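Okay, so here's the structure we're looking at.
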Amino acid sequence: MTVAVSSRREHQLQVAALLDELEERRRQLHRLKAGGARRAGLRDLKSELEDARMRLLDAVA
């Protein structure tokens with residue numbers, strides 16, 4: 001039973017960390033957009049945000 005609880009807790013922590021990462025990346029994009037960054041300058045950040053979303057999707061699927 002301890003292994004199941006430990007595994008569940010690890011999963012919860014992983015999902016929480018991914019949610020935190022998504023929030024931070026989203027905030028960063030909004031700050032840059034508000035500062036006048038252009039689309040081409042945001043391309044890599046948007047790609048990284050999408051990668052984080054996919055990792056979260058894999059974690060909860």
Side-chain angles (χ1 to χ4, degrees):
M1 176 114 171
T2 304
V3 173
V5 171
S6 176
S7 177
R8 180 174 181 221
R9 184 65 182 149
E10 286 177 22
H11 185 260
Q12 288 174 334
L13 291 173
Q14 178 188 17
V15 169
L18 287 168
L19 288 170
D20 290 342
E21 179 184 352
L22 282 173
E23 180 63 20
E24 181 56 36
R25 290 184 184 279
R26 188 187 63 77
R27 282 184 188 157
Q28 183 181 18
L29 277 172
H30 283 287
R31 280 193 304 265
L32 290 171
K33 284 181 184 179
R38 299 186 184 224
R39 287 181 176 237
L42 301 175
R43 187 178 310 129
D44 290 342
L45 293 173
K46 285 183 177 181
S47 176
E48 291 170 4
L49 177 62
E50 186 61 27
D51 290 343
R53 285 181 180 149
M54 289 295 114
R55 288 194 313 274
L56 178 61
L57 183 61
D58 288 343
V60 297

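What you see is a predicted model, and the numbers here were worked out from it, not measured in a lab.
Taken from CZ in Arg53 to CZ in Arg25, the straight-line distance is 11.0 Å, to the nearest 0.5 Å. Remark: Glu23 CD to Leu49 CG distance equals 10.5 Å, nearest 0.5 Å. For the atom pair CG of Leu19 and CD of Gln14, the computed distance is 10.5 Å after rounding to the nearest 0.5 Å. Distance CD/Glu24 to CG/Leu29: 10.5 Å, rounded to 0.5 Å. Rounded to the nearest 0.5 Å, atoms OG (Ser7) and CD (Gln12) are 10.0 Å apart.
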Under the salt bridge (Lys or Arg N to Asp or Glu O under 4.0 Å) criterion, do Arg43 and Glu50 qualify, and how do the steps go? CA-CA 11 Å; Arg43 187 178 310 129; Glu50 186 61 27; over 6 Å; no
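Residues Met54 and Leu18 do not share a hydrophobic cluster, defined by chaining ILVMFWY side chains whose heavy atoms lie under 4.5 Å apart.
Closest approach of Ala52 and Glu21 over heavy atoms only: CB-OE2, 3.8 Å.
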